[in-house]
There are 2 protein chains.
Amino acid sequence: MAQKRPDKATIADVAKLAGVSTATAGRVLGDYGYSSAEIRDKVRSSAEQLGYRPNLLARSLITGRTKTIGVVTGDIQSPFYASIVRGISDVARTQGFGVIVTNSDERLDREVEAVQLLLEKQVDGLIVSPFDLHGSDHLHAAVDSGCPVVQIDRIVKGLTADSVTVDNRGASRDCVAFILASGHRRIGMIAELVRSQFDSVEEFADAIRRSAVDTRFLFPSWQRLYGYIEAHMNAEIELDLDLVPPVRAYSAEAGKKETMNLMRRHEPPTALFTADGLMSAAAMDAITSLGMQVPSDLSLACFDDLDWMRFSKPGITAIAQPLTELGEAAANFILDRINGETGEAKHVALRPTLTVRGSVIRPVPA
Amino acid sequence: MAQKRPDKATIADVAKLAGVSTATAGRVLGDYGYSSAEIRDKVRSSAEQLGYRPNLLARSLITGRTKTIGVVTGDIQSPFYASIVRGISDVARTQGFGVIVTNSDERLDREVEAVQLLLEKQVDGLIVSPFDLHGSDHLHAAVDSGCPVVQIDRIVKGLTADSVTVDNRGASRDCVAFILASGHRRIGMIAELVRSQFDSVEEFADAIRRSAVDTRFLFPSWQRLYGYIEAHMNAEIELDLDLVPPVRAYSAEAGKKETMNLMRRHEPPTALFTADGLMSAAAMDAITSLGMQVPSDLSLACFDDLDWMRFSKPGITAIAQPLTELGEAAANFILDRINGETGEAKHVALRPTLTVRGSVIRPVPA
DNA sequence: CAGCTGTGTGCGAACGTTCTCACATCGTGT
DNA sequence: ACACGATGTGAGAACGTTCGCACACAGCTG
């Protein structure tokens with residue numbers, strides 16, 4: 001029978017029962033320093049008898065390492081972050097690390113609050129999906145204080161921290177090029193497009209033409225728009241930015257509304273490119289609401305490969321991001337730094353994969 | 001300019017700079033005990049100047065509370081657990097608690113390992129989706145050691161711990177009753193149906209007829225099957241358990257295969273009820289692979305309301321589980337216990353909601 | 001046999017907080 | 001004048017580990 005409170009057993013209790021000093025018991029149980037086989041057995045059996053469980057808090061206080069990594073996601077409920085966290089925790093588990101997750105809801109105040117909590121809890125490293133790409137004093141402070149930081153999905157300008165991102169621009173460019181190659185000339189794009197120094201899509205395109213845009217410090221939806229524009233430029237097809245109504249919010253309702261407005265124009269696009277999972281669902285909702293059929297009425301390709309795109313009536317051509325891999329890579333980066341690796345910040349951009357299904361066909365001649 | 005390592009500032013440093021004792025500085029910064037306004041200002045400004053950040057580890061070591069709750073999910077990547085964790089962390093955040101998440105992958109060894117890690121990290125409470133409903137020594141030990149435990153989604157027999165579950169049997173019964181009321185007499189069901197003391201669906205049905213089944217300690221997919229059977233019994237319609245081929249695995253491939261086999265029979269069902277999100281996707285995949293149309297060839301209703309069921313060609317009639325609410329409830333339960341609430345274990349079963357869309361119609365007379 | 005080096009053990013000081021005291025100072029009622 | 005509670009402060013002991021050090025003893029080497 002276990003006693004009522006086995007976890008009250010401390011290393012001193014074990015030592016007393018085994019008839020050794022706490023230092024010796026500590027060496028056996030903590031697996032450091034010298035100890036004879038005889039004493040090892042005695043201590044271990046005493047520990048077992050008392051139901052001893054080490055108190056990692058005390059250990060961490062003295063070693064200065066908690067074997068915990070903190071993660072700031074936008075929203076753990078989204079499949080995007082859920083998959084990333086899965087990848088992170090898989091790697092963490094194999095190394096005996098715990099993972100504390102928080103949500104920023106893409107709000108700076110929440111992110112700051114979360115980082116502060118994690119830092120006070122003395123996490124060994126921080127994996128953050130940063131919100132403010134041109135400031136983020138809290139992240140600079142974290143780095144300066146010696147806490148390893150890995151950025152995911154986006155990169156803060158001037159922050160000397162590793163990053164794992166996705167080649168949004170390239171994947172988007174290739175996908176739009178594929179749609180163009182199918183003969184489409186009027187491709188609509190539904191994208192979030194908030195949080196940027198650019199006030200309008202036109203201004204953004206102008207800056208690209210002037211080569212005045214640094215892709216790295218853009219939010220993903222802007223990077224994907226960059227790919228869209230780039231594909232048009234490469235194919236020397238005139239841009240019609242009226243086909244890219246910025247949704248200006250990350251909500252399905254807003255996405256649906258913009259899609260419906262776009263498709264109701266007197267000269268609607270013949271194909272649609274959606275910039276992420278939420279916008280894809282929103283657009284699909286709009287399309288079926290309008291009684292339109294993919295691909296006969298409208299070709300469709302999506303960034304983010306969701307379940308339903310596989311078994312949809314025609315499968316939906318989609319770009320899949322390697323999300324658990326992204327999480328794994330981020331975890332490995334942070335673990336390397338925790339283990340003392342120094343040197344230049346490492347930056348990796350993972351390649352998404354385009355899966356061609358039946359949702360993009362040659363446009364019907366009007 | 002912040003110095004290189006601001007987080008090295010300790011309460012003693014602040015105290016020295018402010019010209020007071022560490023005890024006094026502690027009282028000001030920790031916000032406990034007496035302190036004069038004058039000293040408060042002095043200490044606070046010294047703290048600010050040094051960039052002082054409290055070390056929660058040290059605080060926890062002495063107070064015995066970490067303001068952290070541990071969560072053991074089956075798989076954080078699944079929308080099911082992701083939503084629950086979202087609910088948990090929302091509540092936790094408002095109380096200044098952190099959340100450590102782990103994955104059991106529905107494996108006992110992983111769950112035991114995760115619980116051990118969390119306990120050693122001295123979490124104040126544990127929220128677990130238990131795997132072994134008729135054993136779980138590790139959870140009994142946790143409860144006995146005084147660590148509050150809340151069970152989610154399923155309940156371990158004999159474990160005196162609060163629980164938040166979903167009324168799977170009732171929701172399933174009502175949904176199947178709805179399909180029966182539409183005139184269907186041959187309703188197929190695709191369900192995981194692993195992990196149970198019952199070897200076969202027939203044996204399970206027999207036990208139900210003998211009233212020898214305690215719904216509480218079944219896995220959700222069996223509870224949902226219970227509802228399916230109950231609906232038939234209530235409507236006095238003869239059961240044909242050949243229509244419920246147990247998938248015996250939690251994988252989309254297996255679910256698709258069983259669905260295809262079922263639909264290829266010489267007398268296939270006229271309606272299908274799927275027992276969870278993964279099985280719904282699998283079944284949908286099978287249906288479209290077979291070139292069948294919902295609802296003209298087959299009516300369909302699903303447990304778990306996924307995105308695509310809303311904007312699917314006909315909307316899919318589906319049961320939505322209140323997942324974030326479940327997480328919130330679990331978090332509130334655990335916080336109550338952490339705050340010293342004693343007394344009987346509380347058990348709540350949340351009601352899912354059935355959303356009727358267009359995927360169930362009267363069967364065509366053969 | 002002195003001087004190593006390798007192995008094993010114990011003492012006590014950390015780590016950065018909170019908490020229990022003891023004590024000092026004040027205003028106030030008797 | 002005195003006791004008394006309310007308010008404020010500091011010294012030092014916790015919390016449960018790890019770690020530096022001193023020491024003890026073995027088996028070598030020269």
Side-chain angles (χ1 to χ4, degrees), chain A residues 5-44 46-47 50-68 96 119-124 145-146, chain B residues 5-44 46-47 50-68 96 119-124 145-146:
Chain A
R5 308 228 145 197
D7 70 359
K8 296 232 73 173
T10 161
I11 230 175
D13 301 331
V14 175
K16 198 191 297 179
L17 180 63
V20 297
S21 72
T22 67
T24 303
R27 275 189 284 260
V28 173
L29 297 171
D31 214 39
Y32 55 92
Y34 291 113
S35 55
S36 63
E38 186 193 6
I39 287 230
R40 263 199 296 276
D41 287 350
K42 209 156 53 175
V43 170
R44 292 225 177 90
S46 303
L50 294 176
Y52 169 76
R53 294 255 163 268
N55 183 332
L56 298 189
L57 248 50
R59 175 178 299 171
S60 297
L61 184 58
I62 190 158
T63 60
R65 329 179 78 238
T66 51
K67 299 203 94 175
T68 305
L119 251 28
E120 291 183 354
K121 282 194 182 297
Q122 311 293 120
V123 295
D124 292 336
S145 80
Chain B
R5 308 227 143 198
D7 70 358
K8 296 231 70 172
T10 161
I11 230 175
D13 301 331
V14 175
K16 198 190 299 178
L17 181 62
V20 298
S21 71
T22 67
T24 303
R27 273 188 286 261
V28 173
L29 298 170
D31 215 39
Y32 54 91
Y34 291 114
S35 56
S36 64
E38 186 193 6
I39 288 231
R40 263 199 296 276
D41 287 350
K42 207 156 54 176
V43 170
R44 292 226 178 90
S46 304
L50 294 176
Y52 169 76
R53 293 255 163 268
N55 183 331
L56 297 190
L57 249 48
R59 175 178 300 172
S60 296
L61 185 57
I62 190 158
T63 60
R65 330 180 78 239
T66 51
K67 298 202 96 178
T68 304
L119 251 28
E120 291 183 355
K121 281 193 182 298
Q122 311 292 120
V123 295
D124 291 337
S145 80

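Just the heavy atoms: all of them, side chains too, but no hydrogens, waters or symmetry mates, feed the values below. Letters A, B, ... mirror the listed sequences (proteins, then strands); counts begin at 1. This structure is a prediction, so every number in the text was calculated from the model and none was measured.
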Using whole Å, report how far CZ of B/R40 lies from P of D/dT7.
12 Å

Atom pair distance, as rounded to whole Å: OH in B/Y32 and C1' in C/dG16:
11 Å

C/dG16 C1' sits how many Å from B/N55 CG, rounded?
6 Å

Closer than 4.0 Å, any side-chain N/O of A/T22 to the OP1 or OP2 of C/dG10?
no

Choosing from C/dC19, C/dG10, D/dT17, which nucleotide comes nearest the side chain of A/R27?
C/dG10

Within this structure, what is the OH-to-C1' distance between B/Y52 and C/dG16, rounded to whole angstrom?
8 Å

Would you mind reading off the distance between A/L61 atom CG and C/dT17 atom C1', rounded to a whole angstrom?
8 Å

To the nearest 0.5 Å, what is the distance between CG on A/L57 and CZ on B/R59?
12.5 Å

Of the candidate nucleotides C/dC19, C/dG16, D/dT17, which contains the atom at the shortest distance from the side chain of A/I62?
D/dT17

Considering only heavy side-chain atoms of B/T63, the closest of C/dC11, C/dT18, D/dT7 is C/dT18

Is A/D41 reaching over with its side chain to a backbone N or O of A/E38, donor-acceptor style, under 3.5 angstrom?
no

Atom NZ of B/K8 and atom P of C/dT17: how far apart are they, to the nearest Å?
12 Å

Per B/Y34 side chain, nearest of listed nucleotides D/dG16, D/dG10, D/dG8:
D/dG8

Could you please name the option among C/dC15, C/dT17, D/dT9 that lies closest to any side-chain atom of B/I39?
D/dT9

Closest nucleotide among C/dT7, C/dG10, D/dG10 to the A/T24 side chain
C/dG10

Could you tell me whether A/S35 contacts a base, only the sugar-phosphate backbone, or nothing, with contacts defined as non-hydrogen atoms closer than 4.0 Å?
sugar-phosphate

B/L57 CG - C/dT18 P separation (whole Å)
13 Å

Atom pair distance, as rounded to whole Å: CD in A/E38 and C1' in C/dT7:
14 Å

The single option from A/L29, A/T22, A/V28 passing side-chain contact (heavy atoms from CB on, under 4.5 Å) against A/V14:
A/L29

So, B/T68 and A/K121: side-chain donor and acceptor under 3.5 Å apart, yes or no?
yes

Residue A/S36, side-chain heavy atoms: nucleotide from D/dG16, C/dG16, C/dT9 that is nearest:
C/dT9

With nearest nucleotides of DNA chain D determined for A/G26 and B/A58 from heavy-atom distances, which residue corresponds to the more 5′ nucleotide?
B/A58

Compare all side-chain heavy atoms of A/L56 with those of B/Q122 and state whether any distance is below 4.5 angstrom.
no

